[in-house]
Student: 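Let me give you the structure first, and then I'll get to my questions.
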Amino acid sequence: MSGLTRRSFTTALASSGLMLGARRASAQDQKRFDNVTLRVGVFGGGWKDAIQSFVGSKLEARGVKIEYVPGNPADNFAKIVAARGAAVPIDVMEISPAERIAMTRNGFLEDLPEAHIPNLKKTSVSITEGKAVAYHMVQNGIVYRADRFEADKLPLPKTLMDLQNSVYANKLAFPDVVNPQHWPAVTLLALANGGSESNPEPGFAAAKKMRPLYYYSAAVELAQKMSLGDIVAAPWHAGMALRLANAGQKMGMIHPTLGDKRGEIEFNYLGIVKGTKNAEAAAAFINQFLDTESQVNFAKPMGVAPVNIEARRQLASDPVISKFMLLSEEDLAKTYTMDWNKVNVEKWRASWLRTING
Amino acid sequence: MLTADALRRRLGYAFVLCVFVFLVAPLIVVSASSFDSGAYFAARFPPHELGLKWYREIPPKYWHALGVSFTAASVASVISAALGVLAALGIVRGKLPGVEWLRSFFRMPLQIPLVVTGVVFLQFYYSLQALMGVRLAATLPGLIVAYVFVGMPYVVGTVGAMLERLNPRLDEAAAILGCSRWRTFWSVTFPIIRPSIIAGMLYAFVVAFGDVPLSIFLSSSSYTTLPVEIFNTLQFDFNPSVLAISTLIAAMSVVSLWVIQRLVGLDMIPR
């Protein structure tokens with residue numbers, strides 16, 4: 001080993017290891033899947049179109065034929081349950097936090113092949129319970145009409161509890177139990193009042209004290225009322241603030257504080273359905289979704305925060321996106337994420353209805 | 001000076017007018033808002049900036065979905081009519097034992113929530129595929145079969161009601177005059193029950209065309225029906241082109257009903 005120091009040897013070894021890893025990752029990125037039909041369970045509408053544009057089209061260039069199965073995760077989960085014992089109708093699908101737990105506990109998901117998802121290393125997340133990987137974050141908080149706040153000289157709330165101020169009465173909407181934003185909003189209120197995910201009742205009472213004009217179920221309905229000015233603020237998510245701002249409304253987004261925390265984020269997941277014959281192509285789809293370019297392009301119109309670190313860095317320089325979203329590592333480290341393992345969904349729903357109708 | 005009778009009548013008319021306006025108000029709001037070129041993320045009524053922007057911007061996926069909905073609902077209503085007429089003839093004229101049970105059996109699809117029907121059909125299709133290799137899930141034929149299931153009771157109902165009121169002596173007269181049973185059906189029975197068949201087909205078509213809960217389980221990205229496509233879109237975004245396509249469909253429905261009324265005469269349907 002003349003002329004070769006221990007340090008240079010180690011460096012050379014590490015470099016060759018990195019090159020080998022990079023070559024393997026690159027090979028994974030380029031592998032073709034001719035004659036493979038991949039069925040992907042996704043939300044429909046514009047969401048599906050964006051996935052096709054920024055993710056699906058890349059896979060199609062590698063020979064995959066993609067068939068989308070449109071539907072929300074609960075509906076697509078129902079389709080998989082209906083098919084139990086027969087061939088699976090979906091290979092890979094989007095999964096919301098509640099369904100992730102149900103699907104994992106009941107054996108509906110394959111183990112994720114980490115070796116086939118090299119882009120996972122570019123993200124700030126890891127595989128959850130071996131079965132699913134988060135692919136974006138929804139940032140929940142208080143969305144408000146900035147122009148109406150200014151015109152009516154309304155104080156800006158800092159916490160969800162501030163919305164109990166009578167100046168907001170009948171100008172607010174609160175998410176009903178069928179809306180995904182209901183759960184984190186109630187959790188934050190519960191935590192502020194001595195409750196928790198397993199004891200949400202204090203959150204229900206706090207929500208009722210806000211005296212909202214109504215409890216919204218559909219995002220579109222709230223978008224309509226907010227555009228018309230009937231509602232000036234609501235616990236909602238940054239994506240809708242961004243989309244309304246893109247449509248010309250003057251919107252603001254507050255990431256509410258809770259003790260030393262600021263902001264609430266919910267992860268949505270991708271998982272490979274148990275029994276699929278296309279596990280490798282499904283992993284390639286997940287890998288593509290975690291790719292930096294795909295994450296940036298998807299996040300911009302859809303208003304979600306990427307899990308890919310470099311994608312977040314790129315979006316941080318976007319003046320519109322950064323106005324509504326927390327993107328820096330420091331900010332994200334201070335956010336709260338609710339613990340779905342503690343939630344008893346059925347009990348929660350029944351108790352919410354009792355409180356609201358009582 | 002109005003008499004008490006005249007006043008009562010006018011109040012009655014005013015009440016009926018109010019009810020009618022209330023019923024058609026959503027249609028008026030949707031149609032008018034679709035012509036507001038300035039609106040985005042909101043349906044504005046009355047419209048502020050008149051124009052056809054949202055009609056020009058109806059995305060191709062809506063036209064494709066409209067084609068799927070129209071094809072599936074049309075084929076299903078024709079099949080429902082064929083099967084429904086046979087079932088109604090059997091129930092009314094067949095002198096079969098347990099006719100009341102048969103009536104309940106054919107009414108059953110109306111009593112099952114459509115979302116349950118959707119899940120059950122999906123499960124059935126998966127089983128069929130596993131056992132016989134026949135693929136119906138997420139296909140157009142699969143949608144049509146399910147629509148026939150929910151549409152047939154309407155045809156059985158309307159045609160059955162008409163047959164109950166049909167004088168059986170007309171058939172007997174045709175037989176005495178030498179008509180075969182086949183010819184009697186086509187020359188005597190069919191012309192009389194035709195409006196009820198059309199009415200049943202219309203109901204079957206409307207139910208299939210506007211369905212979401214059943215279709216959401218049976219459609220795929222290649223065969224997404226229009227209501228499911230709109231439902232999926234509205235989960236994330238509101239785009240006024242939804243109002244434009246809805247207005248076009250409402251207009252087409254009114255024109256179609258008018259044409260059917262002129263050609264067949266729906267006034268003859270038993271009430």
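Numbered from 1 within each chain, the chains take letters A, B, ... in sequence-line order. Only a predicted model underlies this, so the values are computations on that prediction, with no experimental measurement involved.
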Student: Taking the six-membered ring for Trp, are the ring centroids of B:Phe45 and B:Phe35 within less than 6.0 Å of each other?
Tutor: no
Student: Non-hydrogen atoms of chain A under 4.5 Å away: do they reach the side chain of B:Thr224, the backbone, both or neither?
Tutor: side chain
Student: Checking side-chain polar atoms at under 3.5 Å, does A:Gln288 have a donor or acceptor matched by the opposite partner on A:Ser294?
Tutor: yes
Student: Could you look at A:Met240 and say if it's the side chain, the backbone, both or neither that has a heavy atom under 4.5 Å from chain B?
Tutor: side chain
Student: Would you mind telling me which of A:Phe54, A:Phe298, A:Tyr68 makes a ring-ring contact (aromatic ring centres under 6.0 Å, His included) with A:Trp47?
Tutor: A:Phe298
Student: Measuring heavy-atom distances to chain B, does A:Lys48 have an atom under 4.5 Å in its side chain, in its backbone, in both, or in neither?
Tutor: side chain
Student: Ring-plane angle category for A:Phe267 and A:Tyr269, please: parallel below 30°, perpendicular beyond 60°, tilted otherwise.
Tutor: tilted
Student: Heavy-atom cut-off 4.5 Å, strictly under: side chain, backbone, both or neither for A:Ala223 against chain B?
Tutor: both
Student: Can you tell me which portion of A:Asn76 sits under 4.5 Å from chain B's heavy atoms? Options are side chain, backbone, both or neither.
Tutor: neither
Student: Which one of B:Val119, B:Val115, B:Ile216 has the most heavy-atom pairs closer than 4.5 Å to chain A?
Tutor: B:Ile216
Student: Consider side chain to side chain contact (heavy atoms under 4.5 Å, CB included). Of A:Met325, A:His136, A:Gln139, which one does A:Ile265 pass it with?
Tutor: A:Gln139
